[in-house]
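Numbering of ligands and ligand atoms starts at 1, following listing order.
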Amino acid sequence: MLREVVQRRDIHGRGVGELSLIDTIRARAGAGRGLTKSGRGPVRLGIGDDCAVLRPPRGHDILVTTDFSLEGRHFRRDWHPARSVGHRCLARGLSDLAAMGAKPMAAFLSLALPAGFWQKAAGRRWMDGFFSGLNALAGQHGVPLAGGDTSTAPGEAILADIVLLGSAPRRTELRRSGAKAGDALYVTGALGGAAVELAALSAAPRRFARARADGTHPHLFPEPRLAAGAALRRRKMATAAIDLSDGLSTDLRHLCEESGVGAVVDAAALPLGGSLRDALHGGEDYELLFTARPGTRVPRALGGVAVTRIGEITRSRTVLLREGDRTTTLLPGGWEHSL
Ligand code: ADP
Ligand code: MG
């Protein structure tokens with residue numbers, strides 16, 4: 001619903017023929033256009049009609065996830081560059097698909113902007129940054145932005161909600177619930193780097209104004225582990241998996257609860273991207289945590305990212321941390337999604 005916005009924009013002296021916000025989004029949804037136009041790929045009809053039309057590959061199930069990105073809760077306009085907000089908005093959904101080994105099909109974005117935002121040059125610049133961050137990641141993973149909704153926010157905060165649809169061959173998706181006592185516990189990449197960068201960002205946001213998605217910004221530009229997740233699923237290597245959005249101590253507990261098991265994490269084995277505390281409790285690393293049968297040969301890297309064995313699954317339903325010869329309960333202390 002954009003008529004209202006377009007009209008106000010005219011009051012502000014913009015030409016009638018100038019692109020509306022939806023037209024701009026549509027023109028910039030590059031990753032989607034290519035797939036839609038060719039008539040191939042899962043998106044048969046993208047932005048422009050009342051609904052998008054999707055067709056999953058034969059014999060596949062559809063996996064759906066939705067994530068809020070709310071100003072003041074998940075990002076701050078005075079800290080996060082707009083590109084980072086767009087990137088992170090999509091990355092959160094993609095990471096959920098990665099955790100289940102799904103291949104992304106399409107993204108849908110609902111956006112609420114403060115009144116008058118899009119009419120001001122600064123607002124349009126912000127949107128430009130937001131979509132360049134989102135589209136760059138979408139292009140990298142070939143996921144079309146196939147629709148959404150646009151409205152005026154009731155207050156001054158920018159609100160975005162992203163829906164991701166993915167597909168996986170029937171009954172092959174990775175779930176949280178398949179871990180068994182004796183399974184080994186693995187993690188991709190490094191843990192804690194996002195918490196370290198968030199602390200640095202809050203101390204000196206201007207230093208990060210030009211940050212780019214170059215693999216060196218775990219908080220601002222996390223890389224969803226789609227290739228690793230897909231490889232785990234294809235090779236039937238994992239008994240259970242979850243993505244680390246809330247921190248190892250919290251997400252491991254989720255996996256254990258769903259599987260009805262416990263775990264022991266070996267502190268010395270953790271691939272640290274920060275302090276031990278950051279690795280255990282810092283959120284938003286968006287790495288994959290998974291389990292495999294003790295006899296499974298798990299390679300040192302999957303989908304271009306390192307894989308580290310960090311512990312094992314136990315029968316008793318407790319989550320423990322082993323540091324030398326001291327073993328303590330690993331209490332959940334993950335990210336609470338407040339800035
Ligand atoms: P309707 O009123 O029928 O819901 P809209 O005018 O809201 O349609 O949207 C027109 C088209 O633009 C639809 O195809 C919709 O999916 C798409 N669209 C609207 N907002 C967004 C957005 N924020 N991102 C991507 N596509 C959008
Ligand atoms: Mg309609």
Side-chain angles (χ1 to χ4, degrees), residues 1-10 14 16-39 41-56 62 64-71 74-75 77 80 82-94 96-97 104-120 123-166:
M1 228 310 290
L2 206 70
R3 237 145 278 131
E4 158 203 16
V5 175
V6 173
Q7 278 165 9
R8 277 216 219 104
R9 207 174 150 191
D10 295 342
R14 303 284 147 204
V16 174
E18 211 175 316
L19 292 181
S20 71
L21 176 53
I22 291 181
D23 289 332
T24 308
I25 293 171
R26 185 179 188 176
R28 300 200 55 175
R33 291 271 294 260
L35 290 173
T36 308
K37 267 191 184 162
S38 74
V43 178
R44 315 310 284 194
L45 184 64
I47 295 176
D49 217 311
D50 288 312
C51 296
V53 179
L54 306 183
R55 188 176 303 165
I62 298 178
V64 186
T65 175
T66 160
D67 285 281
F68 272 133
S69 291
L70 309 179
E71 182 177 355
H74 303 100
F75 69 92
R77 240 185 291 169
H80 295 82
R83 278 168 168 278
S84 160
V85 180
H87 176 108
R88 283 161 49 84
C89 179
L90 180 61
R92 300 180 59 194
L94 288 177
D96 284 328
L97 292 182
M105 282 205 297
F108 295 82
L109 176 70
S110 292
L111 257 183
L113 302 175
F117 186 77
W118 168 252
Q119 287 71 40
K120 295 191 200 100
R124 283 200 296 279
R125 258 199 317 276
W126 194 92
M127 293 305 296
D128 231 44
F130 176 89
F131 277 104
S132 66
L134 188 143
N135 286 334
L137 185 63
Q140 196 183 320
H141 294 288
V143 49
L145 181 61
D149 196 17
T150 307
S151 185
T152 306
E156 286 307 306
I158 296 171
L159 313 171
D161 183 43
I162 197 137
V163 177
L164 262 293
L165 285 92

note = Under 4.0 Å from one or more heavy atoms of I25, ligand 1 contributes atoms 22 (C), 23 (N), 24 (N), 25 (C)

ask   = Who pairs with D67 by salt bridge (charged side-chain N to carboxylate O under 4.0 Å, His left out), at least two apart in sequence or on another chain?
value = R92

remark   = At under 4.0 Å between heavy atoms, what of I47 touches ligand 1? The answer is both

ask   = How many angstroms lie between CG in L165 and OG1 in T66, if you round to the nearest 0.5 Å?
value = 10.0 Å

note = Under 4.0 Å from one or more heavy atoms of D49, ligand 1 contributes atoms 13 (C), 14 (O)

Option whose closest heavy atom lies nearest to atom 19 (C) of ligand 1, chosen from G46, G148, A52 = G148

query = Which ligand 1 atoms are under 4.0 Å away from a heavy-atom of T150?
reply = 19 (C), 20 (N), 21 (C), 22 (C), 23 (N)

message = Quick check on side-chain contact (heavy atoms from CB on, under 4.5 Å): which of D128, L134, L145 does R28 satisfy it with?
response = D128

message = What I'd like to find out is whether the side chain of L109 reaches to under 4.5 Å of the side chain of F131, using heavy atoms alone.
response = yes

key: D149, portion touching ligand 1 at heavy-atom distance under 4.0 Å   = both

inquiry  = Can you tell me how far apart CD1 (I62) and CE (M105) are? Round to the nearest 0.5 Å.
reply    = 4.0 Å

request  = Output the list of atoms in ligand 1 that are nearer than 4.0 Å to some heavy atom of G48, sorted by atom number.
outcome  = 11 (C), 13 (C), 14 (O)

ask   = Should L164 and D96 be marked as a side-chain contact (heavy atoms from CB on, under 4.5 Å) after you check the CA-CA gap, both sets of side-chain angles, and the distance that decides it?
value = CA-CA 9 Å; L164 262 293; D96 284 328; over 6 Å; no

